[in-house]
Student: 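Below: one structure in structure tokens.
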Amino acid sequence: MLKRTHYCEEPRETDIGRTVAVSGWVANWRDHGGVVFIDLRDRTGIVQVVFNPEENPEMHTRASKLRSESCISVSGEVSQRPEGMENPDLPTGMVEIVAGELEVHNVSEPPPFDVDNPGDVSLEARLSYRFIDLRRPEISKIFQARHRIFQVFRRFFDENGFLEVETPYLTKSTPEGARDFLVPSRLSPGSFYALPQSPQLFKQTLMVGGIDRYFQIVKCFRDEDVRASRQPEFTQLDLEMSFVDEDDIMEMTERAMAAVFEQVLDREISLPLPTMTFADAFERFGTDAPDLRFGMELKDISAVVADCEFRVFKNAVDEGGCVRGICVPGGAKMTRGEIDGLVEWVKQFNLPGLAWFKLEENGPSGGVAKFFSDAEIGAIRQKFDARTGSLFLFAAARRQKTHLPLAQLRCHAAAKMGMIPEDEFELCWVVDAPAFERVEESGHLTFPHHPFTTPYPEDVGLLEEEPTRARTKSYDLVLNGVELGGGSVRISDPELQMKIFSILGYNQEEVEERFGFLMRALRHGAPPHAGIALGLDRVVGKLLGIEDIRETIAFPKTQRGMCMLTKAPTRVDDQQLKDLGIALRESE
RNA sequence: GGGGCCGUAGCUCAACUUGGUUAGAGCGUCGGACUGUCGAUCCGAAGGUUGAGGGUUCGAGUCCCUUCGGCCUCGCCA
């Protein structure tokens, strides 16, 4: 076999006269009746190979039969291209390889789409032929960057004394959180393993075991609906430290992120990162993952409009709700149609409508402007510090109901107005999430983080009476409006842990059955510990400016959880089911 | 579980408002021409169960129902 001496993008003018061997795929071929040109591609780039009929007729004949995406190796002399035949668009465009030897490894069937000019090929087609899609330079670059990011993290945590310890994938189902993927056990018919939603309890156990500093790049599994930013299996950078508090984890995480930015993007980020509380984030941005690349913060004007003429506003306030909104600088330029479009758009977030008016040269106009007195307009204007030419958009509803639509509207409007600087990275911490949240419809308690998160000592007293007001030592890392990950100081006191469980409605027996191993560990010399987990698929995506994390995963699943390449999941043999003691029911 | 968009040649799309003859184009593929191109060019050809099934109609790519699949979204995602 012809052994490669160079990657395709390596031969340059300094190599002229040298004999090289390259291997790769035929990106393009041009047959001029005599001379045949082949653009050969590998993961680095493209180089042109020339086949001359006079030099070697037999090889020329074989070369003229090559077609796109066939796999070959070629050796030959690197030579300067003839005058005027250089291609400045290619890094190797000053030279070409004059073929001396050709080895055809595999003749490709016509590819289902054009690799180098894929146009708008659907993700569906690309994932079905991912082996071809991955040959595309821009796709290959994603995985090269992903690899570098992983290596920087690994080196960073190694250098900081962390041990990479693996935790099981076949583990125990826990009733909290997301739906588990289940794996039936053959040796214990009727029993199931669950794939881990995260290694949370194992890493806490490692701390009790004295590992002290742990990290792992690990797959996690959650059987919930897929989104552009969510996959049923995804990769986390998971870490945990003993004898530390929240500051230590945040500092360590920031430094790791800074190392990645520096070594992968060659960008500095200034540390320490800004911090805002969970409560402030919702107040100012309507979300716990604010995009700080632009302003346009939410303001509450309930007090201003409590007695205004506009019934919708007044009623909302009277009924214990609120009126909140945003001010879009320059938004007065929008047409009635565009504004109606925004109002329509926001309805998908379960808001019945938006009230709006413009602030123009000769005063307020349009929409609900006529309902407000000069004093009210002045107060609103002052609240937003608004300039002439602004557009105001307001939601009136229960406070909970205004968060999502306004947060979405803020980003949507900013994007529409071109206010988002695409090239900036704004990282921040969102801290002090409440221990519990109440689900509006059912009234039952849930939690923004997980039930192993420690409350502030001064808030422990609130747990029983006002659980949603008790803050926790938690921290989420947010980048440009996306949560990259989150963590917390863990509960290391078994009594406090039991108290949290009982607030969630578990009795002693249930806790013992579900979390017995954790409780036992906590009773045997548990050190204070804290940690964090980052979603690496998102980290890779954000760093590369990719919104859809499927692009950062080699073989992602579709929205229905199918692998386009293998068509998994599939039915299995009756014998396999029999071994597992499983009988399928007719689907109703 | 709810709402929305979509499915026509290998790929990307067209065939309209209002159902009407033989479903078109570009790229790709195949054949031919051409000794310096580089998204080569020129000439020619092949290529379709309009995702699948059913219905309405004299007639369905087009309308209706069911179903499969892709995408967005609410819920969900401790």
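Worth knowing before you read on, the calculation uses all heavy atoms, side chains too, and leaves out hydrogens, waters and symmetry mates. In this text, all values refer to a predicted model and were calculated from it rather than measured experimentally. Convention: sequence-line order gives letters A, B, ...; per-chain numbering from 1.
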Student: Test your reading of the model: is there a side-chain donor-acceptor pair from A:Gln408 to the backbone of A:Pro405, 3.5 Å cut-off?
Tutor: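 Checking the backbone N and O of A:Pro405 against the side chain of A:Gln408, no donor-acceptor pair under 3.5 Å is found.
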
Student: Nearest-Å distance, CE (A:Met564) to P (B:rG70)?
Tutor: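 About 6 Å, once rounded to whole Å.
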
Student: Centres of the A:Phe37 and A:Phe51 rings: under 6.0 Å?
Tutor: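 When the ring centroids of A:Phe37 and A:Phe51 are compared, they turn out to be at least 6.0 Å apart.
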
Student: Which nucleotides of nucleotides 26-33 of chain B have their base under 4.0 Å from a protein heavy atom (B), which only their sugar-phosphate (S), and which neither (-), written as one string 5' to 3'?
Tutor: ---SS---

Student: Counting only side-chain nitrogens and oxygens, does A:Thr558 get under 4.0 Å of the OP1 or OP2 atom of B:rG70?
Tutor: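 For B:rG70, OP1/OP2 do have a side-chain N/O of A:Thr558 under 4.0 Å.
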
Student: Is there a donor-acceptor contact under 3.5 Å from the side chain of A:Asp42 to the main chain of A:Gly24?
Tutor: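 The answer is no, because no donor-acceptor pair under 3.5 Å joins these two groups.
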
Student: In whole Å, what is the span from the CD atom of A:Gln408 to the P atom of B:rC72?
Tutor: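 Spelled out: CD on A:Gln408 to P on B:rC72 is 14 Å.
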
Student: With sequence neighbours excluded, give me every salt bridge (charged side-chain N to carboxylate O under 4.0 Å, His left out) pair touching residues 478-494 of chain A.
Tutor: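 Qualifying pairs: A:Glu240-A:Arg490.
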
Student: What integer number of Å spans the C1' atoms of B:rC68 and B:rG54?
Tutor: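 B:rC68 and B:rG54 have their C1' atoms separated by 15 Å.
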
Student: Could you work out the separation of B:rU50 and B:rG10 based on their C1' atoms and round it to a whole Å?
Tutor: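 So the two C1' atoms sit 16 Å from each other.
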
Student: Expressed as a whole number of angstroms, how long is the span from A:Gln236:CD to B:rC77:P?
Tutor: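 Checked: the CD to P distance equals 16 Å.
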
Student: Looking only at atom P, what distance separates B:rU57 and B:rG2, rounded to whole Å?
Tutor: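 So the two P atoms sit 31 Å from each other.
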
Student: In terms of the nearest nucleotide of RNA chain B, which residue is placed more toward the 5' end: A:Pro53 or A:Arg222?
Tutor: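 This one resolves to A:Pro53.
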
Student: Could you tell me whether a side-chain N or O of A:Asp459 sits under 3.5 Å from a main-chain N or O of A:Leu462, the two making a donor and an acceptor?
Tutor: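 Judged by distance alone, no pair lies under 3.5 Å.
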
Student: According to a strict under-4.0 Å criterion, is A:Arg227 in side-chain N/O contact with OP1 or OP2 of B:rC76?
Tutor: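 Looking at the OP1 and OP2 atoms of B:rC76, neither is under 4.0 Å from any side-chain N or O of A:Arg227.
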
Student: What is the distance, rounded to the nearest whole Å, between atom CG of A:Asn350 and atom P of B:rG75?
Tutor: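 Distance, rounded to whole Å: 7 Å.
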
Student: Give the C-alpha distance, both sets of side-chain angles, the deciding distance and a yes or no for ring pair (Phe, Tyr, Trp, His ring centres under 6.0 Å) between A:Phe131 and A:Tyr129.
Tutor: CA-CA 5 Å; A:Phe131 43 85; A:Tyr129 289 87; 5.8 Å; yes

Student: With P as the reference atom in both, quote the distance from B:rG39 to B:rG3 in angstrom, rounded to an integer.
Tutor: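 Looking at atom P only, B:rG39 and B:rG3 are 49 Å apart.
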
Student: Just wondering, do A:Phe113 and B:rC11 stack (centres under 5.5 Å, planes under 30°)?
Tutor: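 Not stacked by the 5.5 Å and 30° rule.
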
Student: Rounded to the Å, how far apart are A:Gln559 CD and B:rU73 P?
Tutor: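 So the two atoms are 8 Å apart, to the nearest Å.
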
Student: On a whole-Å scale, what distance lies between the C1' atoms belonging to B:rU18 and B:rG26?
Tutor: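 Roughly 29 Å separates the two C1' atoms.
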
Student: Write down the distance between CG (A:Asp225) and P (B:rG2), rounded to a whole number of angstrom.
Tutor: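 Spelled out: CG on A:Asp225 to P on B:rG2 is 12 Å.
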
Student: Taking B:rG4 as the reference, what is the distance to B:rU66 when you measure between their P atoms (whole Å, please)?
Tutor: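 One P to the other, the span is 13 Å.
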
Student: Can a donor-acceptor pair be found, under 3.5 Å and without considering hydrogens, that links the side chain of A:His32 to the backbone of A:Gly34?
Tutor: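 No, because the side chain of A:His32 does not come within donor-acceptor range (under 3.5 Å) of the backbone of A:Gly34.
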
Student: Kindly say if A:Arg30 contacts the phosphate of B:rC34, meaning a side-chain N or O under 4.0 Å from OP1 or OP2.
Tutor: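 No, A:Arg30 has no side-chain N/O under 4.0 Å of OP1/OP2 on B:rC34.
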
Student: In this structure, how many angstroms lie between the C1' atom of B:rG39 and the CG atom of A:Leu90, rounded?
Tutor: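 Nearest whole value for this atom pair: 12 Å.
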
